[in-house]
Structure formats: C-alpha cells, structure tokens
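What follows is one structure encoded as structure tokens, with my remarks underneath.
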Amino acid sequence: MKKIKVMSVFGTRPEAIKMAPLVKELARREGIESLCCVTAQHREMLDSVMQVFDLRADADLDIMTPRQTLSTITCKCLTGMDEVIDRFAPDMILVHGDTSTTFAGALSAFYHKVKIGHVEAGLRTYDKYSPYPEEMNRQLVTRLADLYFCPTENNRANLAREGVTEGVFVTGNTVIDALKTTVRKDYRFTTELLNELDYANRKVILVTCHRRENYGQPMEDIMSALAELAGTHPEAELVYPVHLSPVVQECAHRHLDGIGNVHLIAPLSADEMHNLMARCYMVMTDSGGLQEEAPALGKPVLVLRRETERPEAVAAGTVKLAGVERDAILALANELLNDPAAYAAMAHAVNPYGDGHACARIADAIEWYFGLRAERPEDHRA
C-alpha cells in the first residue's frame, strides 16, 4: 500500500518543540511516511531542539540572515519550498501556530495544491497588530487550511464563528506531549548556575520577554518592574534567559545588569527550559508557549502582555494577565510572592491544555482524512 506522505514544516524553536513529538508519532504509523522540512528561521535555537528530540530534517532551507525582516523570511520560505515540494511530493503539509514560516509554508502548499493541516489552530486576539505578526499569520492560514487541529474547545469555537466547521478536531496541545519526554527529576543542567540555585529555599522566578509588540516603552516598563521586584524581594532569584534579539539584549542588560539576584543567561535548550520551569516558583513571560507549559507543571504564570490568545488558562486560574505597565506587574508579582493562598490557588488550578495524547489524535485524524481508518477520531474533552 502506498504510504501517505505528511511533511511537517517549521522554523523556530517553539514550533520545533511542539512539532517534534508529532513528527515522531507520524513516523510510528504504518500508513504514513513522516517527512520533516525546517526553514531555520531561527537557526541556533532550532538546532538545539532538533538535537534534544533526536530529529533529522529531510530538507533544510537555512534561510536565517542577520537582521532579517518579515518580508525576507516569507520570500525565502516561499522560494525554498518550491523545490522541496517538487522533490518530495507530499500529500499533506503540516504547519504549526503563527510564525512567518507557518504562513509561508501554508501559502506554498496552497500554490502547489497540496493539502494543509494547521496544528494549534483557532487561537485569536482579533487585534491584527497584537501579537504582531502572529495574529494575522494564523488568521491567513485558517483561510488556506484543510484540517484544523485545535488545542481547546474555545479554539474550535473561534473557527466556528468564522464559518470554519469542516475538518476541525480538538486534540489538546502537543507541547504537553513534549513535556512528558523532557522533564526528569534527575536532570542535570549544562548551564551550571541552574544546578547551583537553591530551589527549595529560594523563590526562583523564570522570566522571558522578547515579543515585537513589547519593543519600546512596554519593554522599558517591564524591565523596570523586574528590577524593582528583585530589589524588594531578596528571597527571590530572577532567572532570565535573554533572547538573542539585539533590541531585547540591550534593554535587559541596561536595566538588570549588576543586580545580585537577577541572572541574565543565554537562551536555554528546550529540555533545560522545561526542567527549569518544573523547579521554579513562578513564571513571568510574554511567550505564548510558556502559558501552556507552565500550568502543566503547576507553576503560576504572569503574562507580560496586554492580551492573550490563550484565555483558557486565564479562565482556569493558572494564568493572570499582568499587562505591560510597571505598577500592575509589580502588584500581581508581589501578591504571588507574599500571599501563600493566592499562590496555591494558581498553582493547583487544572491545566486546560490536554493529557499528553494530542499527537496521537492528530495522527488518527490524518489517517481518517486519507481513508486509512474508518471511524472519525473523538475530540479531546478537557
């Protein structure tokens, strides 16, 4: 029997973390040939994930250039995908989430009349400039896709409001599948500082801040809040793996250099980040993925953004929207550091993002779509 060729396309570290377990699940299916194409939109951070999950790319576009723009990323992805699709002739291309690679990969598949599956479909803020450019990337992919793999029922409802009801599956989020393979009690960090931290007696706060819409005054206020928080809470240790963006690097070091209980470190590999998250006290972040990962590990999250496309975690109580104003950030952080009841309420809330079987549900749905199984797979129920 001819196998169905399913090509997973991704280019950034967060995409790779969430797609790695799916690439492997597809490879386990007898009726599927699992192919992997990376654009390397983020070269160094992508490569570390590929190593952690022992993944090999069948095609590598290697598009990253210094100070690349959204236009150059999109153009290089499109032209690079022409040759890849002609060479491998996939039956379906899977894209993930909302990056420029996601949009370009889906558009290229459409140009070649290849079926498109959108992993992590249906997230919305309905503000086209926040997150930027992610919100429009995912909305545009919705118009192109054939199958939609929604992490939650709320994501499916977003699509339904837009008239998309066919080919929609609720699967849970594949990042929960990834965490099952990376978090270990006996884990040793390659970043020695992380082995030396006193997680039992110090309140270790994991910080990330890198989003484009936070550039400028929002990032200045966030960094100012972090500096104030460190100064007023000597019992806390802030660990901030600083994004490689020159804008982020300059702002972080200007505000936070020289503060004894703030540790500005290099970006972490996926397994290091997951294991640090498992050991930390709380998370402060503008990342999308950490809003899903931290609740699965019982860690409260303060989101350093004005809105979130992941309202399920807010509704569940595992996440609070802190915004980007200094005083508001400090008020919520101080509450979690000073009030054990407030902390416990967030730490013990139910994670809304699934049970670690999202990849199996997606693979089942693809098999059903191509006639390899008779029954439509059931949706995940949180």
Check your understanding: Thinking salt bridges, do R56 and D58 make one under a 4.0 Å N-O criterion?
Key -> yes
Exercise for review: Find the distance between NE2 (H210) and OG (S245) and round it off to the nearest 0.5 Å.
Suggested key: 9.5 Å
Exercise for review: Answer yes when E134 and K128 have at least one side-chain N-carboxylate O distance shorter than 4.0 Å, and no when they do not.
Suggested key: no
Review point. Does R87 pair with D82 as a salt bridge, N-O distance under 4.0 Å?
Key: no
Exercise for review: Not counting sequence neighbours, which residues clear side-chain contact (heavy atoms from CB on, under 4.5 Å) with Y281? List them please.
Suggested key: K203, L337, Y343
Point to revise | Residues R310 and E292 bridged, charged N to O under 4.0 Å | key: yes
**Study point:** Identified side chain to side chain contact (heavy atoms under 4.5 Å, CB included) counterpart of V170 within the set R381, R361, E153
**Key:** E153
Practice item. May I ask you to test the Y199-L276 pair for a side-chain heavy-atom distance under 4.5 Å? Key: yes
Review point. Between D355 and K180, is there a side-chain N and carboxylate O pair less than 4.0 Å apart?
Key: no
**Study point:** Short N-O contact, D364 and R373, less than 4.0 angstrom
**Key:** yes
**Study point:** Min side-chain heavy-atom separation T181-F53 under 4.5 Å
**Key:** yes
Practice item. May I ask you to establish whether R376 and F169 are in a cation-pi arrangement, using a distance under 6.0 Å from NZ or CZ to the six-membered ring centre and at most 45° from the ring axis? Key: yes
